[in-house]
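First the structure, in the form of structure tokens, and then the observations on it.
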Number of protein chains: 2
Amino acid sequence: MSSQAHELSIAQLTAVMEDFTRMSIRLPAVHRLSFTTLSVLHTLSSGGPKRLSELTAGEQVTQPAITQIVRNLERYGLVRRQPDPSDGRAVLVHITAAGAAVVDGRRAERMAHLAELAERLTRAERDAIAAALPALARLVELNERRID
Amino acid sequence: MSSQAHELSIAQLTAVMEDFTRMSIRLPAVHRLSFTTLSVLHTLSSGGPKRLSELTAGEQVTQPAITQIVRNLERYGLVRRQPDPSDGRAVLVHITAAGAAVVDGRRAERMAHLAELAERLTRAERDAIAAALPALARLVELNERRID
DNA sequence: GGAAACTATATAAGTCTCTTATATAAGTTG
DNA sequence: CAACTTATATAAGAGACTTATATAGTTTCC
């Protein structure tokens, strides 16, 4: 408790996090998929195949909702279900190439948007952000470890 | 086009933005309000009273949805509607003390969460983030100017 | 100055995305 | 082997949004 983040303003970091969230959410969606649906795709894209129960644990929705969402994604050809060989009850959900394309498409939009904004920052500002990225990524990593 | 952000990796910044969004969304909600509803409250809290049409412009939903959301918030006592003196058609929506308390409550949760994570960063990591916050805030500001 | 066009919001009905409740099947534990 | 737990599916219902449309006020144009 003596290792106090006295230079880092948590209030400012929180504000930036909130603003980043709103920036992210407000980019217009190309595909008419719900936020949870896109989040599931993103999770599969970055974390590899997962069980329905694992997907449920990572989203703020109920288990039947995840079942429905994955059924929908399967219908659109964005994911593929496969029985889990280690558990007769379970299903492993894999993202398909089409699903990965959806995730990549959105990321490309965000990257283009951020690149445009970043160009209007000063060199010093860009350097400061670049220097902080590994630490910000660590923050996220700590958060993920906390959840899992 | 020669002022290239060669030290700032847009891919990494995008990834952090996406992860921040997911961190933010995944904090369990105390109030059972939709994401859009909370976003409207947040907008009123930080930007002051706004017209329904202004709120519509800032969210990814239709005008009737905003009308319904604001009606709901009014019923909960979280906002207050007031005719716009400069336009007989328009309504100005003000956040109430109860509404501000909802926004502040969520922010406090996020701050507590981030503070806990930040404590587990090294001093150098916290310093790097602190140094980057003004630049990140500028990025957000540039984005807001782009929308308005 | 009045008609046409535009803007702001409200309402109704419908759709989609989620919820709760519950069922079934498979795995684990004692 | 029975009881309990876990994994997922299904059905019905509710909430949050949509589209369609209406009404009222403002602005523009002739």
Side-chain angles (χ1 to χ4, degrees), chain A residues 22 25-44 47 49-76 78-94 99 102 148, chain B residues 22 25-44 47 49-76 78-94 99 102 148:
Chain A
R22 296 203 301 156
I25 295 301
R26 278 181 178 160
L27 274 178
V30 172
H31 294 74
R32 292 187 62 85
L33 299 173
S34 75
F35 182 85
T36 312
T37 303
L38 288 169
S39 183
V40 164
L41 268 189
H42 190 289
T43 296
L44 295 172
K50 288 191 184 306
R51 289 179 167 194
L52 291 174
S53 47
E54 287 170 324
L55 292 174
T56 303
E59 305 293 338
Q60 288 288 335
V61 292
T62 60
Q63 168 264 312
I66 290 294
T67 298
Q68 290 160 17
I69 286 168
V70 169
R71 280 287 186 198
N72 246 8
L73 285 169
E74 188 187 29
R75 268 206 296 115
Y76 297 140
L78 303 179
V79 303
R80 170 167 63 82
R81 295 159 52 101
Q82 185 179 62
D84 187 335
S86 68
D87 189 327
R89 301 166 294 181
V91 165
L92 275 174
V93 187
H94 303 245
V102 169
D148 293 345
Chain B
R22 293 198 309 151
I25 296 300
R26 279 182 179 157
L27 274 178
V30 173
H31 295 74
R32 294 186 61 85
L33 298 172
S34 75
F35 181 84
T36 310
T37 303
L38 290 168
S39 182
V40 164
L41 268 188
H42 190 288
T43 296
L44 294 172
K50 288 192 184 305
R51 290 179 168 195
L52 290 175
S53 48
E54 287 171 324
L55 292 174
T56 302
E59 305 292 339
Q60 290 286 336
V61 292
T62 60
Q63 167 262 314
I66 290 293
T67 298
Q68 289 160 17
I69 285 168
V70 168
R71 280 288 185 196
N72 246 8
L73 286 169
E74 187 186 29
R75 269 205 297 115
Y76 297 138
L78 302 180
V79 303
R80 169 167 65 80
R81 293 159 54 103
Q82 184 181 61
D84 187 334
S86 68
D87 189 326
R89 300 165 294 181
V91 165
L92 274 173
V93 186
H94 301 246
V102 169
D148 293 347

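Here the structure is a predicted model, which is why all the values come from computation and not from measurement. Chain naming here is simple, since letters A, B, ... match the order of the sequence lines and numbering starts at 1 in each.
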With B for base contact, S for sugar-phosphate-only contact and - for none (protein heavy atoms under 4.0 Å), nucleotides 20-30 of chain C reads BB---BBS---
Apply side chain to side chain contact (heavy atoms under 4.5 Å, CB included) to Leu44(B) and Leu55(B), showing your working.
-> CA-CA 9 Å; Leu44(B) 294 172; Leu55(B) 292 174; 4.0 Å; yes
Angle of first-five versus last-five pair axes in the helix from dG1(C)-dC30(D) to dG30(C)-dC1(D), to 10 degrees | 30°
Heavy-atom pair with the smallest gap, counting every atom of Glu59(B) and Ser39(B) = OE2-OG, 2.9 Å
About how many Å separate CD1 of Ile66(A) and OG1 of Thr36(A), when rounded to the nearest 0.5 Å?
-> 7.0 Å
Name the nucleic acid region contacted by Ile66(B), choosing base, sugar-phosphate or nothing; use a 4.0 angstrom heavy-atom cut-off, strictly under.
-> nothing
Sorted by position of nearest nucleotide on DNA chain C, 5' first, the leading residue of Glu54(B) and Asn72(A) is Glu54(B)
Counting just side-chain N and O atoms, does Ser34(A) come under 4.0 Å of either OP1 or OP2 of dC18(C)?
-> yes
Would you say dA16(D) has OP1 or OP2 under 4.0 Å from some side-chain N or O of Thr36(B)?
-> no
Rounded distance (nearest 0.5 Å) linking atom CG of Leu73(A) with atom CG of Leu41(A) = 5.0 Å
Does any non-hydrogen side-chain atom of Lys50(B) lie less than 4.5 Å from one of Val93(B)?
-> no
Select from Val91(B) and Phe35(A) the residue whose nearest nucleotide in DNA chain C is closer to the 5' end of that strand.
-> Val91(B)
